[in-house]
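Here the structure comes first, spelled out in structure tokens, and everything after it is commentary.
By convention in this document, chain letters (A, B, ...) are assigned in the order of the sequence lines, proteins followed by strands, and residues within each chain are numbered from 1.
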Amino acid sequence: MKNQELAKIFFEIADYLEIDGVSFKPYAYRKVALLLENYKEDVAEIYRNGGLKALEEIPGVGEGIAKGIEEYLKTGRIKHFEDLKNKLPLKVDELLKVEGIGPKKIKTLYQKLGIKDLKDLTKAVKAHKIAPLFGFGEKTEKNIVQGLEFLKQNKGRFLLGDIMPTVKEIINSLKKQKEIKEISVAGSVRRQKETIGDIDILVVSENSKKTADFFVNLPEVKKVWAEGLTKCSVRLKMGFDVDLRMVKKESFGSALQYFTGSKEHNIATRKIAITKGLKLSEYGIFKGNKQIAGKTEEDVYNVLGLSYIAPELREDDGEIKAALNGFLPILVELKDIKGDLHCHSKPDEARHSNNAEKLIEEIAQKAIDLEYEYIGISDHTKFLKIDDGLDEKGLLKQHEIIEEINNKLKKQGIKFIILHGCEANILNDGSIDIKDEVLEKLDYVIAGVHSSMKMGQKEMTDRIVKAMQNPNVDIISHPTGRLINEREEYQMDFEKILEVAKETGTVLEINATPKRLDLNGFNIRRAKAKGIKMIINTDSHQKEHLSFMEYGVGQARRGWAEKGDIINTLSVEKLLDYFK
DNA sequence: GCCGTTTTCGGCCCGACTGTTTTCAGTCG
């Protein structure tokens with residue numbers, strides 16, 4: 001899609017304009033770039049169908065940007081952008097990543113020292129050329145050194161699922177402190193973003209000094225950046241930073257709203273405040289000097305004339321309008337989930353063990369502890385030899401084992417059932433690696449791509465379409481194949497996949513494994529818009545992984561999914577009915 | 001450059017902190 005390419009260009013144009021001291025235009029370009037990054041329709045398609053006029057229908061796109069898009073689609077470049085680059089031949093995006101330097105400093109550094117990229121900058125600080133510059137100084141130079149150092153060792157953002165257990169531990173430790181009256185995590189963790197930069201925790205404390213001391217001395221803490229009565233910053237042993245912010249009781253709601261973000265959502269809410277003659281900040285909503293709201297988030301939204309917006313929706317992507325009109329979805333919740341259908345019973349370390357029955361019983365017990373009504377065993381199949389995939393014979397044997405365990409549970413009077421499925425392989429030609437007469441005997445069939453992931457768009461689309469058209473295939477696992485920070489999505493026509501899923505009633509998986517989260521929020525929203533049913537599965541390879549469910553639910557919520565969109569909120573009878 | 005239940009022109013989010021200044025610009029979240 002040209003969307004991403006254009007988004008990148010518009011972000012860079014915004015940076016260049018900012019360096020050039022142009023005001024307001026950067027804001028306009030960034031807004032469009034942000035929108036295009038995740039825009040559901042291909043701009044090339046929009047232009048083909050409706051020309052410039054259609055482009056201007058896109059929110060944030062006016063005459064100027066529409067012409068820019070047209071020029072790029074026709075010639076592959078935008079003259080305005082090329083001119084800016086020629087005027088200031090810098091690696092802007094690279095330099096902006098250095099903490100402490102922004103557009104203005106970049107311009108000075110280029111004009112006075114000819115610094116064009118990180119390499120030049122590193123050389124300049126080593127030669128102590130920065131400090132003597134007008135408007136700079138010793139401290140600034142030192143900060144740049146630190147910024148460069150951090151950039152070098154910074155491995156990028158952390159996976160939500162990797163940091164969440166630690167965050168919960170810290171919150172629980174803090175909750176036990178008597179002087180803490182209110183506590184919540186904020187930031188992108190609260191919005192359930194798939195990757196996280198750092199953590200913000202908000203508290204109301206009756207004894208800030210005591211709370212601060214307790215926090216910086218937690219066993220998870222490796223290094224303390226700052227300790228104060230309103231803010232403490234630490235780095236954890238795991239490598240990410242946590243800020244504890246202590247706020248006043250009467251501002252807790254507005255502070256939580258502010259620190260939860262997103263930034264774009266905050267800007268939008270503040271603009272609404274302005275139209276009502278009010279001012280919204282992290283301290284509250286003010287009419288003149290008088291605070292009229294701020295104790296709870298609900299108050300903040302209500303005073304703005306909005307219904308309460310769940311944190312997962314706060315991306316300025318339509319939620320404000322929906323809240324104004326009372327059209328917000330009632331999002332699916334973890335407690336709505338009645339079972340998990342993607343569980344492997346052959347954990348890596350026990351791949352060749354003979355106690356299959358015991359392993360399945362353990363998974364079932366874990367699911368019972370989670371108050372599920374059912375669990376589905378879905379091991380890999382024979383094409384994946386390295387994963388000890390089951391062949392037809394193995395699947396039938398497993399079927400008997402599961403039946404036995406179910407009988408045992410029944411005798412014990414436990415109202416819980418183990419369903420039997422598999423995660424079969426979609427081969428290159430779209431066929432399934434297990435015979436249909438065996439697939440038919442299973443309660444359900446998941447099919448997924450596990451090989452030849454780099455095939456071309458048409459081939460891959462045809463391959464998955466053919467699998468969905470197999471009447472025995474109920475669910476497509478991790479539909480796009482992406483691995484966060486590791487691997488891109490398959491090349492495929494996702495719109496086409498969605499259409500065929502709708503036609504065939506195929507369920508698309510929301511895979512809750514932290515590095516997958518596939519479908520992600522964006523694609524979930526596209527699928528929902530088409531009326532496609534989804535299922536949230538953990539793809540667990542050991543029983544502890546069943547707890548990944550919360551991250552899948554988080555993505556579903558980011559994708560505006562409601563209970564009715566997710567089939568594992570159904571009772572087992574209705575679920576099996578659906579598969580039929 | 002975009003946009004309009006305040007405007008087709010005149011606006012465009014808010015506050016804290018830092019480091020450089022001597023009242024403030026730049027950066028960050």
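- At the phosphate of B/dC2, neither OP1 nor OP2 sits under 4.0 Å from any side-chain N or O atom of A/Y29.
- In this structure, A/N143 reaches the B/dG19 phosphate: one of its side-chain N or O atoms is under 4.0 Å from OP1 or OP2.
- For A/K31 and B/dC3, the shortest distance from a side-chain N or O to OP1 or OP2 is not below 4.0 Å.
- The side chain of A/R270 lies closest to B/dC14, out of B/dT27, B/dC14, B/dG1.
- Considering only side-chain N and O atoms, A/K271 lies under 4.0 angstrom from the phosphate OP1 or OP2 of B/dC13.
- Residue A/T275 places its side chain closer to B/dT6 than to any other of B/dT6, B/dC2, B/dC12.
- Between A/T260 and A/E297, the shortest heavy-atom contact is OG1-OE2, 4.2 Å.
- Around NZ of A/K181, the count of heavy atoms belonging to other residues, nucleotides or ligands within 6.0 Å exceeds 12.
- With a 3.5 Å ceiling on both atom-pair distances, the Watson-Crick or G-U wobble partner of B/dC12 is B/dG1.
- Checking the phosphate oxygens (OP1, OP2) of B/dC13, a side-chain nitrogen or oxygen of A/Y27 falls inside 4.0 Å.
- Within the structure, a side-chain polar atom (N or O) of A/T140 is placed less than 4.0 Å from OP1 or OP2 of B/dT20.
- Taking atom C1' in both B/dT7 and B/dC2, one finds a spacing of 14 Å when rounded to whole Å.
- In this structure, of B/dC28, B/dC14, B/dT27, it is B/dT27 that holds the atom nearest to the side chain of A/K104.
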